[in-house]
Amino acid sequence: MVRDLAFCVAPAVSVAEETADLVLQGIKAEEALEALVSGTEWVAGHAVGIPAHETVIRIPARMVPILREAWDVAERRAELR
């Protein structure tokens, strides 16, 4: 279920009413995962590291159906379909 922003409990996904942005809340990544992400060039040509204004979160695989639902809601709200 896609949650209202006022009722987020980790892990959760919400769709912002005004912008249709997805808002993800998850478990903060442990140091080992953060180090892996920080040191990996995931896309050729992109900077390695985590920018100061970003963080790494872990979203459990069981959330995949919930994320799909959230993407559908966001697309409808943004009138992209």
- [ ] Keeping the roles fixed (side chain from E69, backbone from V73), state whether a donor-acceptor pair exists under 3.5 Å.
- [x] no
Open item on the list: Can you confirm whether P11 sits close enough to R62 that some side-chain heavy atom of one is under 4.5 Å from a side-chain heavy atom of the other?
Closed with: yes
TODO: For residues T40 and V48, report the shortest heavy-atom separation together with the two atoms involved.
DONE: N-CG1, 3.9 Å
Task: Nearest non-hydrogen partners of V13 and A70, listed with the distance - done: CG2-CB, 3.7 Å
Open item on the list: Rounded to the nearest 0.5 Å, what separates atom CG in D21 from atom OG in S14?
Closed with: 11.5 Å
Open item on the list: Please report the interatomic distance CD1(I57) to CG(L24), rounded to the nearest 0.5 Å.
Closed with: 5.0 Å
Open item on the list: Let me check something: do L33 and I59 share a hydrophobic cluster, defined by ILVMFWY side-chain heavy atoms less than 4.5 Å apart, either directly or through other members?
Closed with: no
- [ ] Any side-chain hydrogen bond (donor to acceptor under 3.5 Å, both in side chains) involving residues 27-39? Give me the pairs, sequence neighbours left out, ordered by first then second residue.
- [x] E30-R58
Open item on the list: Taking the side chain as everything from C-beta on, heavy atoms only, tell me whether V15 gets closer than 4.5 Å to L22.
Closed with: yes
Task: Closest non-hydrogen atom pair, A61 against P65 - done: O-CD, 4.3 Å
